[in-house]
Amino acid sequence: MIIVLNPDATQQQIDHIVERVTKLGLTPHVSKGVERTIIGVIGPEDILRVTPLEVFPGVEKVMPVLAPYKLVSREFKPDNSVITLDNGVKIGTNKIVVMAGPCAIENKEVLLETAQEIKNAGATILRGGAFKPRTSPYSFQGLGEEGLKYLVEVGKKLGLATVSEVMDPRDIGLMVKYVDIMQIGARNMQNFNLLKEVGQTKKPVILKRGMSSTIKEWLMSAEYILAGGNFNVILCERGIRTFEEYTRNSLDISSIPAVKHLSHLPIIVDPSHATGRWNLVPAVAKAAVAAGADGLLIEVHVRPEEALSDGNQSLIPSRFKELMQELRVIAKAVGREL
Ligand code: PEP
Ligand code: MN
């Protein structure tokens with residue numbers, strides 16, 4: 001349920017509602033908008049149905065949340081959510097955030113060289129996988145904790161925040177210790193135990209869209225994380241599987257405005273996994289910014305021909321730098337900055 005308060009509702013009235021609702025075994029979430037405050041109330045349907053929420057002083061009206069994803073829905077929180085990282089970088093503001101780096105952390109030297117390049121080009125977050133979800137068990141699986149150590153060391157040295165994928169609930173403690181953002185990959189979007197566990201932390205999470213998931217299923221997965229108490233979720237469109245084989249996936253550009261309409265959560269786009277081809281990445285990245293994405297996640301490698309994974313979709317630093325300049329023009333044209 002959503003309790004919409006009168007524009008002149010007092011803090012005392014808000015506190016009173018929060019206290020009473022909590023006592024009834026329901027969970028209130030207060031969101032203070034520019035115009036008015038609303039309180040989203042989550043809990044068992046049977047309690048909600050019989051509780052007369054309209055009676056509290058300061059209440060204008062009470063409405064049911066129609067979407068199956070409650071906390072994630074824009075009905076529940078009309079204003080855009082902004083995720084703030086420990087180093088102050090914000091995701092979900094007017095400023096578009098670029099995250100870049102190699103698919104996998106291969107060694108400290110390549111990571112440092114690549115990180116230096118992406119930083120010089122204007123990216124603020126360094127990506128790199130330490131636990132890799134590879135299709136073949138014989139492919140490079142990542143360096144594990146050793147990789148996370150390199151990521152943090154390089155990130156600290158250059159003043160870049162860090163993002164890396166978590167595949168196993170048993171690694172969450174490690175991830176929380178090392179990285180600024182945990183990524184849940186496409187293959188794990190419906191790993192509900194993993195979602196529940198990251199929901200128990202406060203660490204920002206990038207939730208990638210599953211390869212064959214609908215927007216609704218994706219938002220329901222985000223709901224698992226928010227329901228656990230972690231509201232720091234960033235959605236990432238990375239293409240879905242279609243009959244097309246020329247590209248690795250098919251980017252669903254319409255998911256960007258759709259998610260913006262349905263949810264308050266920020267959405268970023270990964271043009272690298274969406275296309276699988278480096279020469280297609282710049283156009284798709286620009287289209288994503290034009291369509292309203294809050295950020296981009298791009299694979300960059302100093303020597304893609306030597307990369308241990310996804311070399312064919314990784315940009316070389318000079319092309320990445322050029323792309324950043326092109327993106328600034330697009331961002332400006334749609335009233336944003338980069
Ligand atoms: C990745 O970002 O390295 C990755 C494996 O992406 P996805 O889960 O989108 O395939
Ligand atoms: Mn990759």
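Order of listing sets the numbers, starting from 1, for every ligand and every atom in it. Here the structure is a predicted model, which means the values were calculated and not measured.
Applying the 4.0 Å criterion to heavy atoms of E299 picks out, from ligand 1, the atoms 3 (O). Taking a cut-off of under 4.0 Å to the non-hydrogen atoms of G185, the atoms of ligand 1 that pass are 8 (O). Close approach of ligand 1 to R127 is summarised as follows: ligand atoms under 4.0 Å from at least one heavy atom of the residue are 1 (C), 2 (O), 3 (O). Residue R238 has at least one heavy-atom neighbour below 4.0 Å for each of these atoms of ligand 1: 7 (P), 9 (O), 10 (O). Remark: ligand 1 atoms within the under-4.0 Å shell around heavy atoms of K208 are 1 (C), 2 (O), 4 (C), 6 (O), 7 (P), 8 (O), 9 (O). Close approach to Q183 involves these atoms of ligand 1, each under 4.0 Å from a residue heavy atom: 1 (C), 2 (O).
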Chi angles and distances behind the side-chain hydrogen bond (donor to acceptor under 3.5 Å, both in side chains) call for E244, S250: CA-CA 7 Å; E244 183 51 66; S250 296; over 6 Å; no
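No path of Ile, Leu, Val, Met, Phe, Trp and Tyr side chains, each step under 4.5 Å between heavy atoms, connects V334 with V97, placing them in separate hydrophobic clusters. Under a hydrophobic clustering in which Ile, Leu, Val, Met, Phe, Trp and Tyr are joined whenever their side-chain heavy atoms come within less than 4.5 Å, directly or via other members, I96 and I206 fall into different clusters.
Shortest contact from atom 1 (C) of ligand 1 to any protein heavy atom: H273 CE1, 3.2 Å.
Under 4.0 Å is where a charged nitrogen must lie from a carboxylate oxygen, and between E197 and R170 no such pair does.
Here 4 is the count of protein N, O or S atoms positioned under 2.8 Å from the Mn ion (ligand 2), waters not counted.
Below 3.5 Å of separation, one finds no N or O of D270 facing any N or O of ligand 1. Considering both main-chain and side-chain atoms, A186 comes within under 3.5 Å of ligand 1 through a nitrogen or oxygen pair. Every N/O-N/O distance between E165 and ligand 1 stays at or above 3.5 Å.
Legend: residues meeting side-chain contact (heavy atoms from CB on, under 4.5 Å) with S314, ordered by chain and number and at least two apart, are E299, H301, P304.
M211 does not count as a contact of ligand 1, since none of its heavy atoms falls under 4.0 Å from the ligand.
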